[in-house]
Amino acid sequence: GRWREHCGCNAGTPGFNQQWRKPLRNTLDWLRDTLAERFETEGQRLFRDPWAARNDYIALVLDRSDQRATTFLEEHARKPLEPHERAAAMKMLECQRHAMLMYTSCGWFFDEISGIETVQILQYAARALQLGTDVFGLRGLEAEFVTRLRAAKSNLPEYGDGEGVFLERVKPAMVDLAKVAAHYALSSLFRDYPESASVHAYTVTRRSGATFQTGRNRMSAGRVAVRSRLTFETSTFAYAAVGLGDHNLLAGVSPDRNDDTYVRMFEAIQAAAAKADSVEAIQVLTREFDSTYTIRSLFRDEQRKILKRILDSTLAEEEAVYRRLYNRHVALMRFVHDLGSPLPLPLYIAARYVLNADLLRALEADPPRLERARGLVELARTWQVKLDATSVGYAIQKSVENLMKRFMESPATRGTITLLEGMLRLAKSLSFEVNLWKTQNAFCAFLDEAFPVSGAEATTPAPTGEWLAAFASLGRLLEVRVDGRVRQPGRQPHDRPRRGTGKHPA
């Protein structure tokens, strides 16, 4: 445990099983050796020296351009390669790259096989498995790998062992060309792709297609070619996708079929869209396609974008409901407060939602609407409505940082320093901390430049007494000592600024 503690890693939790590493290492060694043997034999068909090509592959990893790939293969291939051979060569090299990545050291430092570090090396192993199965025809490779993982016991009952971790945390993250086509199909319900689009390490080219919308229902169908920019593997797919509102998304994907089959599918989706018949559209998907996918099949970043779009629409509807309740009963709420009674829970919830939403809008405006924000904060305090510390605190933080940046760019602008001072006073009046360390650092940097300790003249343009008083006030609000530094030009300084704590006190 001492060397792991020295590395800043977990030195071992008492009572935790620490014996999963050896079975995992044995499993990875077995996979490495199996793939290396096939790479050495199968690679002889394509490479002059497979291992020399593997070692030089780092140059291609650093520059994935088609021109660099062509040059690389000219240097290492036995002969000019056909497109399918070129893809096979790249798959072999990618397989070897992931077989090395699965030994990344951080995967071994911690207590649990289901930790994010070990899951990451298992994902590297999964990619090596996927490529090895494809390019070497090793059909039982994954089943044997998973069986061997059973000896690596997890400390968490929901996983049990390495097999559980692989099936729950690793396998769902595996990607093939069909899954890329499904990602394209689902996300095409919400965005307009160009004819050729980059989707992570893939290029998706639309051969044909259209998107239809009726009310909340969206449908799309088309044909695409998906190409891996790493292995140059290319396949074409037919797809259709249906959005039924909220998160209910479904897509069907199959290898491209003949024209008659595709036209029949496309016309069926188009007819279902025209009638806004989501049931019929789903029947088309289940009847016409080999595989179906949901929003969980989207790559994580796109999944979050679409989910945010769905949530924004949903929350806008909910806000309208709360705002109607608030506006209808605001006079009653004032009367209840004047009598010294607490607000009934439904009215309190409506008031809290509306006040927080309005306050965020006032803070995020450019420039921030300070008086409006002050009024809302005071109203929340009067009605004892709790403000959301996370969102409101962050909004004030970013607003203050932006104002500080503008002040540094144009310190003579009186309105900026006044607004900045007002926002800082508002932050200090809240019952929770606002993180202001970036603004403090910026203020100290400006202080050192405008009023250097060396005794040089101030760089601020002829500061007036009013400006100096406002600047000194900023320093006090930011907890930076400026006494002796803020002075009329030409006076000698006698003190250095004291850096603040990084946060306002509660």
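Taking every heavy atom of both residues into account, F212 and A273 meet most closely at CB-CB, 3.6 Å. Taking each heavy atom of F190 and R218 in turn, the nearest pair found is CE2-NH1, 3.4 Å. Considering all non-hydrogen atoms of both residues, A185 and A251 come closest at CB-CB, 4.2 Å. Taking every heavy atom of both residues into account, W467 and F407 meet most closely at CZ2-CZ, 3.8 Å. The nearest pair of heavy atoms linking F237 to V226 is CD1-CG2, 4.0 Å. For the pair M219 and S278, the tightest heavy-atom approach, listed with the atom from each and the gap, is CE-CA, 4.1 Å.
With respect to the salt-bridge test (charged N to carboxylate O, under 4.0 angstrom), the residues R169 and E112 do not qualify. Under the 4.0 Å criterion applied to side-chain N and carboxylate O atoms, R361 and E319 are assigned as salt-bridge partners. In summary, K305 and D301 do not engage in a salt bridge, as defined by a charged side-chain N under 4.0 Å from a carboxylate O. Residues R191 and E302 are paired through a salt bridge, judged by an N-O separation under 4.0 Å between the basic side chain and the carboxylate. R381 and E378 are joined by a salt bridge, as a carboxylate oxygen and a charged side-chain nitrogen come within less than 4.0 angstrom of each other. The pair R127-D176 does not count as a salt bridge, with every side-chain nitrogen at least 4.0 angstrom from each carboxylate oxygen. The pair D358-R369 does not meet the salt-bridge criterion, since no charged nitrogen lies less than 4.0 angstrom from a carboxylate oxygen.
In this structure, R206 contributes its side chain and Y193 its backbone to a donor-acceptor pair below 3.5 Å. Using modelled atom types, one side-chain atom of R352 and one backbone atom of K386 make a donor-acceptor pair closer than 3.5 Å. Formation of a donor-acceptor pair under 3.5 Å by the S399 side chain with backbone atoms of A395 is not found in this model. With W383 contributing its side chain and Y348 its backbone, the two residues share no donor-acceptor pair below 3.5 Å. With hydrogens and angles ignored, the 3.5 Å screen pairs no side-chain donor or acceptor of E94 with any backbone N or O of L131. Side chain of S228 to backbone of L230: a donor-acceptor contact under 3.5 angstrom is found. Side-chain N or O atoms of H247 include none that pairs as donor or acceptor with a backbone N or O of L307 at under 3.5 Å. Side chain of R374 to backbone of L426: no donor-acceptor contact under 3.5 angstrom is found. Side-chain atoms of T118 do not come within 3.5 Å of backbone N or O of S114 as any donor-acceptor pair. Within the 3.5 Å criterion, the main-chain N or O of L28 finds a donor-acceptor partner in the side chain of Y103.
I121 is not listed as a side-chain neighbour of L101, based on a closest heavy-atom distance of 4.5 Å or more. You'll find the side chain of V61 reaches within 4.5 Å of the side chain of R97, heavy atoms only. With contacts defined as side-chain heavy-atom distances shorter than 4.5 Å, the pair L122/V165 qualifies. Annotation: side chain of T416 is not in contact with side chain of S410 (no heavy-atom distance under 4.5 Å). You'll find the side chain of Y202 stays beyond 4.5 Å of the side chain of H183, heavy atoms only. In this structure, the side chains of L249 and Y293 stay at 4.5 Å or more apart for every pair of heavy atoms.
Put simply, the residue from L359, L360, V434 that forms a side-chain contact (heavy atoms from CB on, under 4.5 Å) with I396 is V434.
Counted within 6.0 Å of CD on Q384, heavy atoms from surrounding residues, nucleotides or ligands total 12 or fewer; the atom is thus considered open. Other residues, nucleotides and ligands contribute at most 12 non-hydrogen atoms within 6.0 Å of the CD1 atom of I116.
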Inset, instruction - Walk me through it: do E421 and R425 pass the test salt bridge (charged side-chain N to carboxylate O under 4.0 Å, His left out)? - result: CA-CA 6 Å; E421 182 182 1; R425 292 189 184 280; 3.0 Å; yes
Inset, instruction - Evaluate salt bridge (charged side-chain N to carboxylate O under 4.0 Å, His left out) for D312 paired with K308, printing each intermediate quantity in order. - result: CA-CA 6 Å; D312 286 346; K308 182 181 184 302; 2.8 Å; yes
Inset, instruction - Output, in order, the C-alpha distance, side-chain angles, deciding distance and verdict of side chain to side chain donor-acceptor pair (under 3.5 Å) for Y239 and S220. - result: CA-CA 8 Å; Y239 73 86; S220 68; 4.9 Å; no
Inset, instruction - With side chain to side chain donor-acceptor pair (under 3.5 Å) as the test, would you mind laying out the steps for D388 and S391 before giving the verdict? - result: CA-CA 6 Å; D388 181 40; S391 59; 2.3 Å; yes
Legend entry - From CA spacing to verdict: side chain to side chain contact (heavy atoms under 4.5 Å, CB included), Q440, E479: CA-CA 8 Å; Q440 288 175 313; E479 300 182 14; 4.2 Å; yes
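Distance check: L376 CG to L387 CG gives 9.0 Å after rounding to the nearest 0.5 Å.
Every residue meeting the side chain to side chain donor-acceptor pair (under 3.5 Å) condition with S198, not counting sequence neighbours, appears here in chain and number order: R229.
You'll find the ring centres of F446 and F471 inside the 6.0 Å limit.
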